[in-house]
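Here's the structure, in structure tokens; my notes come after.
Every chain is numbered from 1 and lettered A, B, ... according to where its sequence line falls, protein lines coming before strand lines.
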Amino acid sequence: MTSKSADVPDSLYRRIYAVVKKIPRGRVASYGQVARVAGLERHARMVGYALHALSEGDVETVPWQRVINAQGYISIRSNPMAAKIQRKILEHEGVEFNEKDKVDFKKFGWKK
DNA sequence: ATCGTGACGAACG
DNA sequence: CCGTTCGCCACGA
């Protein structure tokens, strides 16, 4: 079979979503970490792109809010409203933000 | 097929 | 710690 792309009936995004689903409640992971676990080492941007493209259906099954940038900050730019919601949910899950709106990976980072 | 864009990140100074 | 630059590459127009 020739399969080049084929496959990936689920495509690249599906693969990324599968990893995000593994992040436990009360924890956060960076885009780069998710990419790495998904076998996409240098594709952190693709992870962000994938989450940005979440369908309304997947948005309820994929814990997208648990993915933040490597600096510990929420990274949504184009949608300020979503960023606020993201923080709200994370705090509800027990993740804390310091006075600079930053999350400490030492305490809340996902340790695979 | 080319081009601009972007939920990123590492490297510099 | 802060701003800037550069590399990566799928996606949509």
- [ ] Give the ring-plane orientation class for A:Tyr17 versus A:Tyr13, where under 30° counts as parallel, over 60° as perpendicular and anything between as tilted.
- [x] tilted
Take the protein atom [atom1] of [X] and the nucleotide atom [atom2] of [N], then report the distance between them rounded to whole Å.
{"X": "A:Tyr73", "N": "B:dG9", "atom1": "OH", "atom2": "C1'", "answer": "15 Å"}
{"X": "A:Gln33", "N": "B:dA10", "atom1": "CD", "atom2": "C1'", "answer": "16 Å"}
{"X": "A:Tyr13", "N": "B:dA7", "atom1": "OH", "atom2": "P", "answer": "12 Å"}
{"X": "A:Phe105", "N": "B:dC8", "atom1": "CZ", "atom2": "P", "answer": "13 Å"}
{"X": "A:Tyr31", "N": "C:dC9", "atom1": "OH", "atom2": "C1'", "answer": "17 Å"}
{"X": "A:Arg36", "N": "B:dC8", "atom1": "CZ", "atom2": "P", "answer": "18 Å"}
{"X": "A:Leu54", "N": "C:dA10", "atom1": "CG", "atom2": "C1'", "answer": "16 Å"}
{"X": "A:Glu41", "N": "C:dC9", "atom1": "CD", "atom2": "C1'", "answer": "15 Å"}

Task: Residue from A:Ile89, A:Val59, A:Ile23 passing side-chain contact (heavy atoms from CB on, under 4.5 Å) with A:Gln65 - done: A:Ile89
TODO: Can you figure out which of C:dA10, C:dG7, B:dA7 approaches the side chain of A:Ser75 most closely?
DONE: B:dA7
Task: Closest to the A:Met46 side chain, choosing from B:dG6, B:dG9, B:dA7 - done: B:dG6
TODO: Treat each ILVMFWY residue as a node, draw an edge where side-chain heavy atoms are under 4.5 Å apart, and state whether A:Trp110 and A:Tyr73 are in one component.
DONE: no
Task: Under 3.5 Å donor-acceptor pair, A:Arg45 side-chain atoms to C:dG7 base atoms - done: yes
Open item on the list: Mind checking if A:His43 touches a base, just sugar-phosphate, or nothing, with heavy atoms under 4.0 Å?
Closed with: sugar-phosphate
- [ ] May I ask you to check whether over 12 heavy atoms, not counting those of A:Lys107, lie within 6.0 Å of atom NZ?
- [x] no
Task: Closest-nucleotide 5' rank along DNA chain C - winner of A:Tyr49 and A:Arg42 - done: A:Arg42
TODO: Look at the side-chain N and O atoms of A:Ser30 and state whether any lies under 4.0 Å from the OP1 or OP2 oxygen of B:dG9.
DONE: yes
Open item on the list: Do A:Val47 and A:Val19 make a side-chain contact, defined as non-hydrogen atoms from C-beta onward lying under 4.5 Å apart?
Closed with: no
